[in-house]
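Heads up: the structure comes next, in structure tokens.
Counting convention: from 1, in listed order, for ligands and their atoms alike.
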Amino acid sequence: MDERSPITMIPGVGAARAAAFSRIGIATVGDLLRHYPRKYQNRGTLRALGEGPYESECSYILSVKTQPKLRYFRRNLSLLSFRASDGTGTCEITFFNQPYYKNQISAGATIRFFGKLVSEKGFLKLRSPAMDPVIPGRELEDIVPIYRVSEGLTQKTVRTAVTAAVKECVPGMSDYMPDSIRLKNGLATLQFAVREIHCPTSPENLEAAQKRLRFDEMFIFSLSLHLARKRMKATTAPRMSDTDISRFLDILPFPLTGAQLRAVNDICADMSRGNGQFTSPMNRIVSGDVGSGKTAVAAIAAYIAVKNGTQAALMAPTEILAAQHMDSLSALFGKLGINVALLTGSVPQKKKAEVLRDLSEGRIDLIIGTHSLISEKVRFKTPGLFITDEQHRFGVMQRAALAKKADDAHVLVMSATPIPRTLALSLYGDLDISVLDELPPGRKRVRTFVVDESYRERLDAFICRQVSEKHQVYVVCPSVEESDDIEDDPEIYAAVEYAESLAGRLPDIRISCMHGKLPSSEKDEIMEEFASGKTDVLVSTTVIEVGVNVPNATLMIIENADRFGLSQLHQLRGRVGRGSAESFCILVSSSNSAVSRERLEVMRTTYDGFKIAERDLQIRGPGDFFSGEYGIRQHGGLNFRFASSFADSASLERVIASSKELLGSDPDLSRPENAALAVKAAELAGLSHDTMN
Ligand code: ADP
Ligand code: MG
């Protein structure tokens with residue numbers, strides 16, 4: 001068995017489990033070994049029930065006293081409960097929506113339960129604790145990895161398969177990192193890191209494993225950026241020699257802000273570089289706060305491409321967003337005799353065929369669409385420019401496909417997630433980022449308040465008042481950590497529950513509810529209803545579409561606001577304040593922690609996304625900028641797994657510095673000792689090894 005072996009080589013993994021693994025992208029043993037734990041539980045701290053409730057999760061070794069009882073209290077909602085004790089006390093144990101445990105637990109068994117002990121109405125309770133049966137003569141593991149799973153997989157299945165893969169494969173694994181770099185940076189070997197990340201033997205060893213993998217991730221990312229840039233320089237795109245945009249500016253209903261002008265100048269310089277018919281392609285990110293006017297910048301770039309006889313494409317992450325761009329841009333471009341067409345999943349088949357034909361024959365100048373634009377069938381006659389809006393919302397595969405599609409064209413990426421300038425500079429260098437750090441004039445501030453649970457009644461009244469003034473309201477519900485087993489998804493439960501309880505309190509108001517697990521057609525429909533005013537209040541998890549414009553929405557309520565990232569709060573706040581009416585953002589939080597208070601205070605007093613991001617960087621370190629919220633993964637389609645654990649900017653800088661040092665001594669990574677590393681970096685940059693040289 002080696003890393004390329006299919007996962008079915010692992011004992012106990014048959015066709016059904018292999019199918020379940022493939023749903024989370026695992027086909028080979030190597031994929032499984034790279035399926036790193038999402039987190040770890042330290043089950044080593046034992047407490048006694050007699051010590052009472054405790055603020056964090058701990059282990060309790062208990063014997064089961066009563067036979068588990070299963071109750072259904074709605075379709076698909078069940079509760080399993082029983083009592084257990086340890087001689088110092090007794091507690092009730094419950095499992096929500098895990099009916100199958102009924103047959104696995106019986107009175108008399110001794111089990112190590114791991115969870116947060118609480119007291120309710122005088123009774124001790126453990127809700128959905130993790131369980132390890134106590135078997136005499138067998139030691140229980142203290143540090144337990146928790147994996148991301150899918151339907152058909154349990155933590156135990158994944159853990160067993162991973163343990164087998166580690167045992168069989170790791171001894172034969174070779175390290176791609178040259179010893180010199182490894183030792184200089186005080187890193188563990190790859191074998192050690194892979195083994196300890198899955199089967200940690202001590203907290204110190206786990207930390208060493210994380211340090212190695214975190215280093216690798218950023219180091220290889222940094223190398224891959226370099227390779228991708230080099231590759232870009234080697235390809236060409238049509239040179240846009242005519243950068244006169246005065247006619248476009250004449251029909252634009254407003255003058256550009258200074259920041260927009262600077263971005264446009266950057267874009268013109270990129271696309272017109274050199275002389276002759278071709279130039280090296282632009283690969284620029286326009287990073288701008290919500291409402292900073294990225295669409296106008298994108299439109300001008302498209303205008304230049306069309307003016308120079310090429311076609312442009314604008315890709316948006318959702319149908320609604322694509323349709324909104326279509327509405328606003330076709331009006332503008334129509335006046336200039338430029339043909340704009342829309343291509344999304346819901347365009348009827350016949351119309352679609354027509355659009356595809358017109359595009360391939362050059363009758364369409366600008367095509368606006370969703371990811372359907374990257375399908376094989378879409379052919380351009382003279383591709384010139386690819387623009388992606390809200391790029392971070394696209395999946396890894398989609399970005400890779402787009403990069404391929406845009407092989408001979410310029411690329412422009414619009415990003416609404418403000419990356420602190422210091423961080424962007426160390427990652428990308430100064431070259432390819434334009435920052436829109438200025439909002440168009442006259443924009444009203446969204447008045448922001450931080451309140452706690454005691455304001456609930458006043459909040460309800462405020463919702464009613466907004467609705468009675470014919471305005472609309474967003475409510476965003478707690479973002480609860482991704483659950484370990486998908487049967488039990490507290491996030492969905494919270495949003496649905498919230499909507500139901502709100503509907504009970506405010507029966508006259510039209511409330512809809514949206515969450516991430518709905519099919520996307522249904523999400524689009526709910527969003528469309530809200531946008532067109534058919535519902536008054538939209539309760540949702542964080543899935544409400546970034547970028548969608550509902551100018552009539554004037555109130556944004558964010559529940560458990562302390563659980564969100566600052567940039568995410570800022571993004572959500574940007575959903576309101578888009579019309580002429582005064583708008584409000586209310587952050588509901590009962591947290592007393594000093595860090596939470598400080599962060600919410602930043603929200604209350606700061607309205608500039610970049611300043612907020614800088615403050616977030618100071619308060620929480622750079623790690624969060626690599627997780628979903630800020631999504632620094634614009635190039636190469638990387639999903640960061642370890643970068644989020646960088647504790648401070650300095651340690652991140654050190655890794656980037658060592659990659660630059662290596663490139664300084666071996667710019668093409670052509671030395672034999674760097675060969676394996678070069679392959680890794682090329683893979684990540686989306687280049688096959690042979691196109692590199
Ligand atoms: P985002 O950067 O969030 O994509 P948009 O491009 O949607 O922002 O612009 C937000 C609003 O600001 C739009 O209604 C747009 O017409 C308007 N806008 C853009 N640029 C300017 C400007 N220079 N002056 C006035 N209004 C502008
Ligand atoms: Mg936008």
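For the pair S292 and ligand 1, a heavy-atom separation below 4.0 Å is found. Taking a 4.0 Å cut-off on heavy atoms, P255 registers as neighbouring ligand 1.
Taking the charged nitrogens against the carboxylate oxygens, R284 and D266 do have a contact shorter than 4.0 Å, which makes a salt bridge. By the 4.0 Å N-to-carboxylate-O rule, E354 lies close enough to K351 to be salt-bridged with it. Taking 4.0 Å as the cut-off between side-chain N and carboxylate O, K381 and E361 do not count as a salt-bridged pair.
Under 4.0 Å from ligand 1, not a single heavy atom of M414 appears.
In this structure, R573 satisfies the cation-pi test against Y607, with its NZ or CZ atom closer than 6.0 Å to the six-membered ring centre and inside 45 degrees of the ring normal.
For ligand 1, the polar-atom distance check against K294 finds a nitrogen or oxygen pair separated by under 3.5 Å. The N/O atoms of L256, backbone and side chain alike, include none that comes under 3.5 Å of an N/O atom in ligand 1. Checking only distances, P440 never comes within under 3.5 Å of ligand 1, N or O to N or O.
Side-chain polar atoms of S591 and S596 form a donor-acceptor pair below 3.5 angstrom.
Annotation for ligand 1: atoms under 4.0 Å from non-hydrogen atoms of T295 are 4 (O), 5 (P), 6 (O), 7 (O). Close contacts of ligand 1 with T257, meaning ligand atoms under 4.0 Å from a residue heavy atom, involve 23 (N).
With rounding to the nearest 0.5 Å, the separation of CE in M414 from CE in M315 is 13.5 Å.
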